[in-house]
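The chains referred to below are lettered A, B, ... by the order of the sequence lines, with proteins before strands, and numbering in each begins at 1.
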Amino acid sequence: MTDCLTGCAESPGDFAARLLAWYDRHGRHDLPWQKDVTPYRVWVSEIMLQQTQVGTVIPYFQRFMARFPDVHALAAATQDEVLHHWSGLGYYARGRNLHRAAQQLVDQYQGQFPRQRQALEALPGIGRSTAAAILALSGGQHEAILDGNVKRVLARHRAVQGWTGEAAVQKRLWALAEYLTPAERVADYTQAIMDLGATVCTRGRPRCDACPVADDCLARAQGLQSSLPTPRPRRKQPLRQVCMLIIQGPQGILLEQRPPTGLWGGLWGFPEVASVAEASGWCQAQLGGEPVRHEAMEPFVHTFTHFRLHITPVRVWVQNPAGGVMEAVGRVWYKDTAQAGLGLAAPVTRLLNQITQEDGEINGSHGEMRNAG
DNA sequence: AACGCGGGGGA
DNA sequence: TCCCCAGCGTT
């Protein structure tokens with residue numbers, strides 16, 4: 001007898017029991033968010049882990065918790081400070097959503113996390129899986145999750161064909177996830193299936209010999225481990241071109257805040273023009289004067305999922321603009337951008353480090369330890 | 001150089 | 001209900 005929707009012949013409890021036994025011996029039990037488990041800590045870790053692997057997330061999580069120990073601290077912070085702690089993680093909309101959701105939790109729920117999944121899903125940045133993860137991991141509630149690791153484990157174990165982004169595949173996987181989630185030890189089971197996906201049932205080379213559910217894994221039986229889950233159909237990536245102006249004035253380097261949404265939304269970066277030829281004109285129009293000189297740096301490529309960005313950095317030196325400086329909202333001159341507490345995109349950080357190093361060598365001050373003291 | 005990750009939002 | 005968007009690290 002098989003279950004109609006899931007196609008499972010086995011009892012769900014058997015799958016969970018094998019996973020839990022494996023988890024007790026081989027799972028991860030010392031991750032920072034597994035200590036002092038609260039909905040807030042689970043939430044922040046889940047959002048960070050959506051886009052980044054555990055090893056990278058840990059230091060970000062520690063710094064974030066040190067600065068924003070609870071939902072009230074996060075709600076009371078400025079967006080700039082939240083994005084500063086998110087700098088380098090990518091997907092900055094999630095940092096902004098985290099901040100907004102914290103404010104809604106304080107405003108609508110006095111900072112207490114609601115226990116209804118639908119209420120959590122109404123918060124920005126929290127969908128079905130993240131809501132379920134918060135409730136299951138921090139409260140042991142009977143909720144099924146379906147993150148990337150779980151999708152991979154289930155698609156393989158039941159040999160589910162098709163890209164997991166397709167509606168029919170999603171539906172099937174959610175049905176499987178709910179069917180297999182046990183009534184007892186839900187938090188451990190949830191962590192167990194994520195751990196299995198992260199450490200054994202990996203994307204590249206699954207270690208089937210170490211898998212507690214390999215016996216009845218249909219992908220393994222059919223030799224499909226490495227071809228499932230079916231990859232997303234891929235499209236050709238367009239190229240975009242941009243010229244970043246690294247403008248050096250007496251007060252430091254000019255940074256502008258980007259629009260609140262879109263690419264690197266809310267972060268700070270260099271002024272941009274379409275081509276090197278427009279650099280002088282931009283300075284004339286925006287700073288009220290010609291640059292003393294400018295010099296193109298080595299161009300490089302920054303790759304996104306959907307396009308590749310060719311970046312040509314140009315160093316521009318301007319004289320004391322003597323009142324010509326426009327200290328408008330969203331524009332600022334910084335000497336030490338690392339201390340400014342601003343969110344910076346990865347290529348901006350890279351360029352700032354690069355020119356700091358170059359200038360240090362030119363000035364012969366490279367022997368000084370910047371971090372000393 | 002390709003790929004994955006969960007959710008938001010517009011068509 | 002599609003379909004597109006986003007930014008890094010990993011492989």
Under the ring-ring contact (aromatic ring centres under 6.0 Å, His included) rule, what pairs show up with a residue in residues 41-69 of chain A, not counting sequence neighbours?
A:Trp33-A:Phe61, A:Trp43-A:Phe113, A:Phe64-A:Phe68, A:Phe68-A:His85

Figure out the CG/P separation between A:Leu49 and B:dG4, and round it to whole Å.
18 Å

Could you check how far NE2 of A:His302 sits from C1' of C:dA6, rounded to whole Å?
11 Å

What is the distance, rounded to the nearest whole Å, between atom CZ of A:Arg205 and atom P of C:dT10?
17 Å

Acceptor/donor pairs from residues 189-197 of chain A side chains to any protein atom, 3.5 angstrom cut, sequence neighbours excluded:
| from | atom 1 | to | atom 2 | distance (Å) |
| --- | --- | --- | --- | --- |
| A:Thr190 | OG1 | A:Val186 | O | 2.8 |
| A:Gln191 | NE2 | A:Asp195 | OD1 | 3.0 |
| A:Asp195 | OD1 | A:Arg28 | NE | 3.1 |
| A:Asp195 | OD1 | A:Arg28 | NH2 | 2.9 |
| A:Asp195 | OD2 | A:Arg28 | N | 2.7 |

Contacts of A:Arg67 meeting salt bridge (charged side-chain N to carboxylate O under 4.0 Å, His left out) (sequence neighbours excluded), chain-then-number -> A:Glu81

State which residues pass ring-ring contact (aromatic ring centres under 6.0 Å, His included) with A:His29; sequence neighbours excluded, sorted by chain then number.
A:Tyr23

Taking only residues two or more places apart in sequence, or in another chain, which ones meet A:Asp70 in a salt bridge (charged side-chain N to carboxylate O under 4.0 Å, His left out)?
none

Please figure out whether A:Gln53 or A:Arg96 has its closest DNA chain C nucleotide nearer the 5' end.
A:Arg96

Measure from the side chain of A:Arg308, starting at C-beta and using heavy atoms only, and say which of B:dA1, C:dC8, C:dA6 lies closest.
B:dA1

Under 4.0 Å between any heavy atoms, over every strand shown, what does A:Gly88 touch: base, sugar-phosphate, or nothing? Just pick one.
sugar-phosphate

If you count every heavy atom of other residues, nucleotides or ligands that lies below 6.0 Å from A:Glu184 atom CD, does the total exceed 12?
no

Mind calculating the distance between CG (A:Leu89) and P (C:dC8) to the nearest angstrom?
9 Å

Using atom CZ of A:Arg258 as one end and atom C1' of C:dA6 as the other, report the distance to the nearest whole Å.
12 Å

Expressed in angstrom and rounded to an integer, what is the separation of A:Gln170 atom CD from C:dT1 atom C1'?
13 Å

So if I take every side-chain heavy atom of A:Pro347 and compare against C:dA6, B:dG4, C:dC8, which nucleotide ends up nearest?
C:dC8

Could you pull out all residues at least two apart from A:Trp268 that satisfy ring-ring contact (aromatic ring centres under 6.0 Å, His included)?
none

With nearest nucleotides of DNA chain C determined for A:Gly265 and A:Arg203 from heavy-atom distances, which residue corresponds to the more 5′ nucleotide?
A:Gly265

It should be established whether A:Trp86 places a side-chain nitrogen or oxygen under 4.0 Å from OP1 or OP2 of nucleotide C:dC8.
no

Rounded distance in Å between the P positions of B:dA11 and C:dA6:
15 Å

Under a 4.5 Å cut-off applied to non-hydrogen side-chain atoms, are A:Tyr91 and A:Ile47 in contact?
no

Euclidean distance, atom CD1 of residue A:Ile58 to atom P of C:dC8 [Å, nearest integer]
20 Å

Any stem touching DNA chain B, meaning at least three consecutive Watson-Crick or G-U pairs under 3.5 Å, ordered by first number, would be B:1-5 with C:7-11, B:7-11 with C:1-5

May I have the list of side-chain donor-acceptor pairs in residues 124-140 of chain A shorter than 3.5 Å, sequence neighbours left out?
| from | atom 1 | to | atom 2 | distance (Å) |
| --- | --- | --- | --- | --- |
| A:Arg128 | NH2 | A:Glu178 | OE2 | 2.7 |
| A:Ser129 | OG | A:Leu146 | N | 3.0 |
| A:Thr130 | OG1 | A:Gln50 | NE2 | 2.8 |
| A:Ser138 | OG | A:Ile134 | O | 2.6 |

Distance check needed: B:dA1 C1' versus A:Phe300 CZ, whole Å only.
17 Å

Going 5' to 3' along nucleotides 6-11 of chain B, which nucleotides have protein heavy atoms under 4.0 Å from the base (write B), which only from the sugar-phosphate (write S), and which from neither (write -)?
BSS---

Verify whether one side chain among A:Asn149 and A:Arg152 offers a donor that lies under 3.5 Å from an acceptor in the other.
yes

